[in-house]
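Lettering of chains follows the sequences in order, A, B, ..., and the numbering in each one begins at 1.
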Amino acid sequence: MNKLWIIIKREYLSRVKKKSFFVMTILGPILMVLLIVLPVLLQKSTQKNYNIIVVDETQKTVIEGDTISFFAGKYKSNDVLTFQYSKSVEESQQLLKEGLCDGVLEIVSTSDNPPIKAFLFHGETEISLDATTEIKDQTKQIFKNSVLRVNYNMSEQDIKVVNDPKIGFYTKNIDTGEDSSSALKTVLGVILGFVIYFFIFLFGSQVMRSVGEEKSSRIIEVLASSVKSVYLLFGKIIATALLGLTQIALWIVLTFIILGGISLVEPNILQPKEQSTVQISERVVNVDAMDFTQEEPAFIQQAMQEIQSINFPLIISMFVVYFLLGYLLYGSLFGAVGALIDNDTDNSQFTLPVTVPLILAIICAPMVMSDPSGGVAFWLSIIPFTSPIIMLIRLPFGIPVWQLSVSIVLLILTIFLCVWIASKIYRMGILMYGKNFTWKEVIKWFKKK
Amino acid sequence: MENILEIKSVTKNYSSKKAIDNVSFDVPKGEVFGLLGPNGAGKTTLIRMINQITMPDEGEILFENEILSEKHIPFVGYLPEERGLYKKMKVGEVALYLAELKGLKGIEARQRLDAWFEKFEITEWWNKKVEELSKGMQQKVQFITTVLHNPRLLIFDEPFSGFDPLNANLLKQEILSLKENGATIIFSTHNMASVEEICDRIVLINSAHNILSGSVKEIKQRFKTNEYEMITTSSEIEHLITEGVILKSKKQGKDSQTISVLQIPQGKNAELLSSILKETEIISYKEILPTMNDIFIHTVKTNNK
């Protein structure tokens with residue numbers, strides 16, 4: 001055991017001291033932060049704010065002695081669009097020609113009821129699809145509201161109810177008794193599954209490469225004469241697992257430090273976009289009492305509910321458990337493959353059988369996401385070779401305890417089997433030089449005592 | 001004589017082929033023991049079994065009368081033919097690591113390494129990366145790591161390959177001084193000249209079998225052909241040859257001397273010499289013993305027939 005410790009120490013230290021580890025550790029969080037921040041930054045910097053003048057002719061319409069404006073003052077300005085109002089089409093078009101605004105929205109009235117004939121958009125330059133869509137959406141909404149109010153005499157309150165019916169849609173998992181709702185959980189599950197996949201591949205192939213290096217540099221002969229050769233394999237696997245945990249921990253810490261630093265410098269950048277966009281333009285006169293920001297808390301509330309229904313301690317602990325178990329399973333197999341491969345030859349015959357189940361799991365991920373408790377999802381999260389990835393995708397949706405237990409127990413049993421097979425292949429493989437193995441030969445080693 | 005190692009009817013199979021088939025021999029303590037054999041004979045397999053890298057399928061290996069086990073690992077030092085160290089590590093760190101794996105404590109390992117590095121005048125290599133050293137330099141480091149833990153049994157597989165004559169000589173002196181200090185050395189090589197020079201005893205393995213073993217002296221006696229080389233002043237010796245003696249060859253040496261090779265049956269020397277001395281002068285007269293090279297070639301060839 002003392003020798004195993006010496007091996008682990010060297011394997012761990014020599015890897016931590018490598019430049020590539022340093023680079024990965026620093027680059028990882030920077031990439032992660034860039035992934036979060038860059039889209040926001042890009043959007044903010046490239047976004048043009050269009051200045052739109054709304055000419056609402058319906059204002060003149062008189063119904064039951066009231067002057068009612070259907071559209072004037074009802075558009076919401078945001079990052080993309082700023083709305084102003086005018087009564088004269090000619091004046092507005094003049095402003096447009098002078099380049100003082102980007103578009104004029106003319107609402108042509110008629111004496112019919114509802115008194116709208118057409119929406120005309122005048123523009124010098126093409127405005128972006130986003131902006132066009134936004135104008136259309138707002139126009140539809142305002143039109144609907146106005147019709148409801150004017151033609152059906154509905155109160156503000158009633159209109160709000162119709163527009164945003166507070167109907168909760170909850171699903172309850174019969175097995176776990178937990179509430180579940182899917183959007184956020186799907187995202188979380190996919191991230192967890194992919195991270196595990198990535199780590200198993202990254203660290204598993206590190207074991208493989210390191211075994212291969214010892215073999216090709218021939219130091220293995222001296223090592224094997226000093227310690228039991230399986231200690232070398234185990235030491236490598238354990239040290240790489242520790243390295244993985246170190247890297248994950250450093251990434252988390254560094255990401256938070258960088259994100260923290262950025263939000264100190266520019267606090268707004270990490271705010272969700274929706275919150276900053278919903279503002280009622282100050283330029284609008286006669287702002288209606290209708291409060292559009294009402295929708296926002298409802299959304300946030302729902303998200304919060306969703307987040308609260310996720311069992312984070314369970315997910316984090318299972319992430320660590322499945323990462324370690326999955327890594328042990330694949331790491332030992334990768335180690336065995338490392339002992340078989342020869343540097344200069346084509347090794348896909350050996351690496352392929354090990355990587356196929358991993359890739360299969362990722363291919364099946366969309367199927368699992370769309371039906372997290374279906375048959376495919378269930379079996380793939382029980383079968384040891386795919387369970388580390390698939391179970392993590394399913395996990396946010398809640399998994400019955402018995403399924404988790406069966407999956408983990410099977411995984412552990414398979415690890416014992418694989419480690420046994422791997423150490424046997426390893427012991428033979430590391431001492432064989434200068435020939436290409438075939439699987440037939442490898443299987444022969446097992447027939448022998 | 002006490003044996004440090006006893007190989008008893010050891011057999012090792014690889015896939016379908018027998019790498020070692022029922023081989024037995026003893027390695028006496030304190031000697032330099034030559035492990036000889038053509039390529040692919042099974043020497044490496046045998047060495048790996050002595051190092052416990054692999055286990056015999058049949059038979060057993062005794063180390064100081066005990067069945068070879070993990071506790072003997074610190075008593076054995078092994079310099080494989082194919083040498084290598086971690087290329088990216090510092091020389092000192094690799095040496096320390098290998099020493100610790102052999103069971104040396106960190107501080108002690110460091111002290112001994114310092115002493116050896118000084119002895120070989122390579123102290124400034126300590127912080128260099130292994131890949132910065134030449135092949136010969138790396139081998140020097142590896143030699144140190146092999147002997148650092150003062151093993152009682154040392155196994156050198158082609159130790160001189162890759163060394164220049166100067167360093168090869170340095171190494172030879174080290175090996176001999178290890179022997180003087182009581183270590184037993186198993187020495188595997190194809191260089192028969194160095195076998196004659198330093199080996200006390202040999203075993204010859206061919207196609208997985210032990211085909212010849214014994215002390216170098218005794219083997220040479222066993223293979224001698226009763227041939228003698230005689231240098232005389234006159235070339236006219238044919239008529240002086242006594243009965244039973246065969247003149248194998250005769251050639252002109254320098255200063256009009258004649259070098260003849262004679263096969264003389266045992267006990268006939270005196271008779272022949274007195275006959276020849278009647279007419280000519282004998283400048284030298286010595287027995288021709290076969291070289292290990294001859295014995296190797298002869299034995300392996302006969303065995304392969």
Open item on the list: Under 4.5 Å from any heavy atom of chain B, what part of Ser217(A) do you find: side chain, backbone, both or neither?
Closed with: both
Task: Ile7(A) versus chain B, the contacting section by heavy-atom distance below 4.5 Å - done: both
Task: Among the listed options Leu431(A), Leu223(A), Val222(A), the residue most often paired with chain B at heavy-atom distances under 4.5 Å - done: Leu431(A)
Task: Option that, when pairs with chain B are counted at under 4.5 Å, heavy atom only, ranks first among Lys17(A), Glu214(A), Lys18(A) - done: Glu214(A)
Task: Sidechain N-carboxylate O distance under 4.0 Å for Lys3(A), Glu70(B) - done: no
Between atom [atom1] of [X] and atom [atom2] of [Y], what is the distance when rounded to the nearest 0.5 Å?
X	Y	atom1	atom2	answer
Ile53(B)	Arg427(A)	CD1	CZ	12.5 Å
Ile47(B)	Glu221(A)	CD1	CD	8.5 Å
Leu98(B)	Ser225(A)	CG	OG	9.0 Å
Glu81(B)	Arg218(A)	CD	CZ	9.5 Å
Tyr97(B)	Ile219(A)	OH	CD1	8.0 Å

Task: Top of Thr145(B), Asn51(B), Leu101(B) for chain A proximity - count of heavy-atom pairs under 4.5 angstrom - done: Leu101(B)
- [ ] Heavy atoms only, distances under 4.5 angstrom: which of Lys102(B), Met89(B), Arg48(B) has the most pairs with chain A? Name it, please.
- [x] Arg48(B)
Open item on the list: Can you confirm whether Lys9(A) sits close enough to Glu100(B) that some side-chain heavy atom of one is under 4.5 Å from a side-chain heavy atom of the other?
Closed with: yes
Task: Contact origin within Thr146(B) toward chain A - heavy atom pairs under 4.5 Å - done: neither
